[in-house]
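What follows is a short report on a single structure.
Remember, it's a predicted structure, so these values are computed and weren't measured experimentally. Order of the sequence lines fixes the chain letters, A, B, ..., with proteins taken first and strands second; residue numbering starts at 1 for each chain. Worth knowing before you read on, the calculation uses all heavy atoms, side chains too, and leaves out hydrogens, waters and symmetry mates.
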2 protein chains.
Amino acid sequence: MKHIAKELDVSISTVSKALKNSEEISRDTKEKVQAFAKLYNYKPNNIAISLKNKRTKNIGVIIPDIVHHFFTTVIRGIEKFANTKGYNVIVCLSDESFDKEVINMEMLANGSIDGFIMSLSSDTQLKNDYNHLKEVTEQGIPLVLFDRITNEVECDKIIIDDQLGAYVATKKLLDQGRKKIALITTQDYLSVSKARTEGFLKAIADSEDNAVEKLILKMPSMGMDESLFTTFLDGNDVDAVLCVNEIFAISAMRYLKLKGKRIPEDVSCIGFTDGLLSKYANPSLTAIAQHGDEMGKMAAEMLIEKIESENEEETYITKILEPTLIERDSTIN
Amino acid sequence: MKHIAKELDVSISTVSKALKNSEEISRDTKEKVQAFAKLYNYKPNNIAISLKNKRTKNIGVIIPDIVHHFFTTVIRGIEKFANTKGYNVIVCLSDESFDKEVINMEMLANGSIDGFIMSLSSDTQLKNDYNHLKEVTEQGIPLVLFDRITNEVECDKIIIDDQLGAYVATKKLLDQGRKKIALITTQDYLSVSKARTEGFLKAIADSEDNAVEKLILKMPSMGMDESLFTTFLDGNDVDAVLCVNEIFAISAMRYLKLKGKRIPEDVSCIGFTDGLLSKYANPSLTAIAQHGDEMGKMAAEMLIEKIESENEEETYITKILEPTLIERDSTIN
DNA sequence: CGAAACAACGAAAACGGTTTCGTGTTGATA
DNA sequence: TATCAACACGAAACCGTTTTCGTTGTTTCG
């Protein structure tokens, strides 16, 4: 701009206004300035604009893991919507660690972003410490929590109804006449695991069928522990399995097949998260779709709404998406 | 800072220096200022610092698709390394579209980032138009291209040796005595597909076994076209299949099994990209690992090196990573 | 004791824009 | 002809920091 101003012998103010097509400036000058701007391929400096406006047009996304189908679909949803609104997405990975989550938030909270979208790390949910979130909201930075959320922090939230998902899936298994149903899940401190377990138990309780046996295996970590897994499946002759993630479900199917079980004839399997594995498994896996794209889109929508809204009224909402049961070949039709 | 300055009755300059532990400022004042800063939880504004330093500590990553195992591992690699160096990662998705790629680059090139890491969209490789990349490099913004690259642009690049990967995989199939080997790939305008096809052909040529038959199916798009696929496999009684991605490989295995073929006894299968599908397929799929994490890490390393190096000497390097053949159950040991 | 050296700090410019508030020129109106 | 809008533009403050270059007041030394 300085350059153009000098070249055209006008002030920087005039250049600025001319480029914004201000009514203040004569048609003549505007055309000249704009022509020069094109010529010199002038592009306004985003940083300077951000400093002036106190708005960066960046949104920070903090997730535990990116090599995970659900999270990537959420990011895609966020990115797509954010882009239409002129926002960029800064992605940080907490790697399931509380400390990294804190560091990342602090890194971004110093003016780099206009708002956060995040899903809690397992470590954070275990520690149950949300001070870093509270600090951010107290600074007035909008925050949207998705999927792995907490009630300890007041902010917008979006989740799928995990309990309902598990309920519907379990009901599906019951309706097929399954009597010995296993739930393979993770520890309860993860908000989603807890909700899914509740849905599972509720469905069985609602069935009022005393012949139904329920079994629950709580895996210690997010990863696979083969021995726990096989011991559980060896010791219990189940006829249905509901797993809280694809990996558990695929592994269960594989091991059951190894043991000579036919799927779905002998054992029905359902897994949470409708990812690639479910689709391409053999047999393909009936799955509870979490609609990550939609979730991401809505999270971005809620966040940008908050960012751009003038009023400071603190009304927070929690949106609950309905999961969908995608029926495939691992359950009987 | 203004606040602290007023409160302590010193100048803003003094506050700034005190916070940076400048030698100019007395121990006494420094302690006071730093204490106040802690008290008021002062955090420097990154935007202002960026404006002053002309360095944002952000790196822009533009990839065609994020719901793709290889790309997510690359992002993870980038993010991890970048974070250790104090950089944040802004992710943009081109969605395989030339236009979006251009828009994203322009959005970020106006001061939002210090450098780019990107992988070309298929659309861009088809159009063969790289002016947006050239503009960016001419502006002096460092650029590192990975995986899907072009020779049309002078910049740092990093790829895996796709030709070698295909060569090794094909050789593996030949060594097993396979005589009728299929390659299922995509169109040649994708740099990686081309290289893989070359490796495939080279391995067969090198074998000097005239009994070996080679077949190539070029799928029209990135997605699956079932009819083309099945027609090809029905019409050719192959005993080995090499696929340029997991989806093709898994689909091939599934269809072959459907036709009564045993894997690996009757047909050996190998796929590019060692992702989740390969690991959890049944049988598990022998795969060519592309080391996305490593690639991402190195890309970030190269980029940050360029960003932080003082000298303007234009020396660009291309790093070539070696792929690894991960042997699993879809090939004979 | 005067000059030089030094320690401690502040004023102001700079980064690249936006925006408010003038100000000087016109032309129309009373 | 004096008055007043409207018009077209410029000066300067501002966003929050950094940094250069003074400017003080105090030592130190010859």
To the nearest Å, give me how far apart [atom1] ([X]) and [atom2] ([N]) are.
{"X": "Lys20(B)", "N": "dT20(D)", "atom1": "NZ", "atom2": "C1'", "value": "15 Å"}
{"X": "Leu19(B)", "N": "dG16(D)", "atom1": "CG", "atom2": "C1'", "value": "13 Å"}
{"X": "Lys6(A)", "N": "dG16(C)", "atom1": "NZ", "atom2": "C1'", "value": "14 Å"}

So, are Glu7(B) and Lys2(B) salt-bridged, with charged N and O less than 4.0 Å apart?
no

Hey, is NZ on Lys134(A) packed in by over 12 heavy atoms from elsewhere, all under 6.0 Å?
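Atom NZ in Lys134(A) is packed in, count exceeds 12.
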
Ignoring hydrogens and geometry, is there a side-chain-to-backbone donor-acceptor pair from [X] to [Y] under 3.5 Å?
{"X": "Asp129(B)", "Y": "Asn131(B)", "value": "yes"}
{"X": "Ser11(A)", "Y": "Thr14(A)", "value": "yes"}
{"X": "Glu101(A)", "Y": "Leu120(A)", "value": "no"}

Given Leu133(A), which partner from the list Val102(A), Thr124(A), Leu145(A) fulfils the side-chain contact (heavy atoms from CB on, under 4.5 Å) test?
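For Leu133(A), the side-chain contact (heavy atoms from CB on, under 4.5 Å) check succeeds only for Leu145(A).
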
Using the side-chain contact (heavy atoms from CB on, under 4.5 Å) definition, which of the options Ile159(B), Ile158(B), Asp147(B) pairs with Leu321(B)?
Ile158(B)

Please tell me whether His132(A) and Phe98(A) form a close aromatic pair, meaning their ring centres lie under 6.0 Å apart.
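Yes; Phe98(A) has its ring centre under 6.0 Å from that of His132(A).
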
Heavy atom of residues 39-56 of chain A under 4.0 Å from DNA chain D: which residues?
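Leu51(A), Lys52(A), Lys54(A) - these, ordered by number, are the residues of the stretch whose heavy atoms sit under 4.0 Å from the strand.
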
Can you give one letter per nucleotide of nucleotides 5-12 of chain D, 5' to 3': B if a protein heavy atom sits under 4.0 Å from the base, S if only from the sugar-phosphate, - if neither?
---BBBBB

